[in-house]
Amino acid sequence: MDNQNFFQQVYEVVRLVPPGRVTSYGAIAKFLGAPGASRQVGWAMNGAGSLKPPVPAHRVVNRNGELSGKHFFTPPSLMEDLLNQEGITVVNDKIQNFKTHYWDPEVELL
DNA sequence: GCTGTGACTCTTC
DNA sequence: TGAAGAGCCACAG
């Protein structure tokens with residue numbers, strides 16, 4: 001699975017996230033074999049919007065279900081808007097019932 | 001080859 | 001219980 005770079009793997013996993021579901025940076029990092037590279041996952045999203053296939057970075061949130069990266073969207077409210085369109089309720093930049101919408105790659109993909 | 005950076009996570013006070 | 005600090009890994013310059 002290390003045929004591609006860590007970033008590319010992150011994009012792959014994020015694209016596999018089904019609509020109406022969200023995952024966390026740590027979950028992706030751990031799934032890729034780097035449980036401590038959670039920050040890298042978020043940083044990888046920096047170029048997510050520049051990729052050929054759009055990466056649903058709005059489906060990636062922190063461990064608390066907060067839209068920590070929403071400020072990086074254009075406009076920042078886009079992340080919250082996209083999640084709402086998928087049926088996810090976001091209040092105060094936080095996902096409601098995050099546990100219910102949580103999508104674990106190790107569980108769903110594995 | 002080394003240093004800096006980063007949309008996080010965990011442990012401790 | 002709540003908040004703060006340090007640690008971690010991987011990419012870019």
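Reminder, nothing fancy here: chain letters follow the sequence lines and each chain counts from 1.
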Anything under 3.5 Å between a protein N or O and an N or O of nucleotides 10-13 of chain C, put it in a table, one pair a line.
residue	atom	partner	partner atom	Å
C:dA10	N3	A:Q40	NE2	2.5
C:dC11	OP1	A:F6	N	3.2

Over 12 non-hydrogen atoms of neighbours within 6.0 angstrom of CG in A:N92
no

d([atom1], [X]; [atom2], [N]) in whole Å:
{"X": "A:Y25", "N": "C:dG7", "atom1": "OH", "atom2": "C1'", "result": "19 Å"}
{"X": "A:N46", "N": "C:dC9", "atom1": "CG", "atom2": "C1'", "result": "16 Å"}
{"X": "A:K30", "N": "B:dC8", "atom1": "NZ", "atom2": "C1'", "result": "15 Å"}
{"X": "A:R59", "N": "B:dA7", "atom1": "CZ", "atom2": "C1'", "result": "17 Å"}
{"X": "A:R63", "N": "B:dT11", "atom1": "CZ", "atom2": "C1'", "result": "15 Å"}
{"X": "A:N64", "N": "B:dA7", "atom1": "CG", "atom2": "P", "result": "16 Å"}

All heavy atoms of A:Q8 vs all of A:R15, minimum pair found to be NE2-NH2, 3.6 Å

Checklist entry - OP1 or OP2 of C:dC8 sitting under 4.0 Å from any side-chain N/O of A:S38? => result no

Same cluster or not: A:W103 versus A:Y25, using hydrophobic residues (I, L, V, M, F, W, Y) connected whenever any side-chain heavy atoms lie under 4.5 Å apart?
yes

When you group the ILVMFWY residues by side-chain heavy-atom contacts below 4.5 Å and let the links chain together, are A:L78 and A:V61 in the same group? yes

Which part of the nucleic acid, if any, lies within contact of A:A57, taking any heavy atom under 4.0 Å across all strands shown: a base, the sugar-phosphate backbone alone, or nothing? base

_Any side-chain donor near an acceptor of the partner, A:Q85 and A:D81, under 3.5 Å_ = yes

For the pair A:E86 and A:R59, evaluate salt bridge (Lys or Arg N to Asp or Glu O under 4.0 Å) and give the outcome as yes or no after the intermediate values. CA-CA 10 Å; A:E86 301 199 346; A:R59 290 180 193 156; 2.6 Å; yes

